[in-house]
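As structure tokens, the structure follows; a few thoughts come after it.
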Amino acid sequence: MKKYLTIIIVLILTLLLVSGCENNEAGRQQKITIAEQYGLAYAPVQLIKELKFLEEANPNLEVEWKQLSNTTSIRESMLAGEVDIAFMAIPPFLIARDKGMEWKIISGLSESPLGLMTNRGDINSLADFKADAKIALPQPGSIQHILLSMAAEREFGEVDRFDEQLLTMSHPDAMNALLAGREVSAHFASAPYLFLESKEEGIKKILSGREAFGGDFTFIIGVSTEEFYEQQPKNYAYFLNALEKAIEFIDGQPEEIAEILADNYNLSQTEMLEYLNWPGMTFTSEIKGLNKFIDFMAAESYLEANNYQYSELVFEKNLAGSENISKEEAVQNEE
């Protein structure tokens with residue numbers, strides 16, 4: 001009799017354990033955590049948050065937003081299972097992927113003007129930078145750093161020419177230092193800081209991101225872990241649909257978007273609309289420049305590998321499949 005009671009108790013405990021696991025898994029499936037960063041290039045993400053596109057798609061879905069400042073904190077949060085989806089530039093994504101981070105690109109998000117701005121009257125080109133002229137940018141390995149290295153390699157044949165002059169600073173801090181005329185002689189700025197600085201007397205642009213790269217490129221991409229992609233396909237799909245909706249909304253109704261998002265960026269509606277329509281400010285799921293970044297970064301030892309396949313870097317179920325990347329790059333990546 002005792003033997004049968006023991007078996008029954010074990011069966012009950014097993015059922016309770018399985019039920020608990022299933023409930024935990026179901027709860028996890030009802031939550032999505034997104035890392036956000038500040039900047040005009042992230043406007044579609046802000047729109048998803050403000051208009052609650054995800055909650056509209058699934059009222060039972062709990063959406064959590066985390067404010068993270070750089071790729072390092074994003075990577076650590078994803079490794080800890082605290083973030084499902086985040087946004088960043090292509091170079092830091094590639095560096096982390098090259099070091100074994102199991103994440104891929106969901107979609108492109110935006111193209112954006114970038115510019116190396118200076119407050120020095122005696123600096124009119126890269127050649128005018130002396131050793132004491134400090135350049136502020138987000139961090140080593142950032143897209144600003146890689147673009148500056150590209151320009152230095154092209155003009156001087158020295159990829160690391162300015163590395164000893166770099167200061168790691170957030171964009172707001174770098175802009176304040178530049179405008180105050182202290183600490184830094186230049187700031188490799190993104191929107192809206194680039195736009196704000198360009199309106200200040202005594203501040204000028206000596207290099208654009210497009211000039212440094214030698215053409216157009218995607219500034220910000222969306223990324224996620226392979227674990228999230230495989231284990232939460234419904235939430236992945238919810239987010240992709242919300243992102244597509246946000247990008248289409250911005251393209252079609254910029255005046256309304258300016259009204260919705262102006263306060264988020266501490267701008268007037270007029271300023272917000274002006275910046276959304278600034279030449280080179282584009283919101284799109286297309287991914288441009290991926291191969292060129294890989295080729296340069298591998299050649300200059302920012303990456304160890306240089307033969308990445310498209311399927312290793314971009315999820316299959318992105319907004320438009322392989323059409324999200326340019327046809328030329330898609331072919332090259334599959335060779």
Ring pair (Phe, Tyr, Trp, His ring centres under 6.0 Å) evaluation trace for Phe293 with Phe213: CA-CA 9 Å; Phe293 276 120; Phe213 188 75; 4.7 Å; yes
Establish, from distance only, whether the side-chain atoms of [X] and [Y] form a donor-acceptor pair under 3.5 Å.
| X | Y | result |
| --- | --- | --- |
| Asn124 | Lys204 | yes |
| Tyr302 | Ser149 | yes |
| Gln46 | Asn264 | yes |
| Asp98 | Tyr308 | yes |

[X] versus [Y], closest heavy-atom pair with distance:
| X | Y | result |
| --- | --- | --- |
| Pro44 | Ala246 | O-CB, 3.5 Å |
| Lys292 | Met150 | O-CE, 4.2 Å |
| Gly181 | Asn119 | CA-ND2, 3.7 Å |
| Asp84 | Ser224 | O-OG, 2.7 Å |

Pairs involving residues 157-189, ordered by first then second residue, that meet ring pair (Phe, Tyr, Trp, His ring centres under 6.0 Å) (sequence neighbours left out): Phe129-Phe162, His171-His187, His171-Tyr193
Salt bridge (Lys or Arg N to Asp or Glu O under 4.0 Å) pairs, two or more places apart, involving residues 255-284: Lys199-Glu274
Salt bridge Lys104-Glu316, side-chain N to carboxylate O under 4.0 Å: no
Cluster link Leu273 to Phe195, ILVMFWY, side chain under 4.5 Å: no
Side-chain donor/acceptor of Arg154 to backbone N/O of Ala212, under 3.5 Å: yes
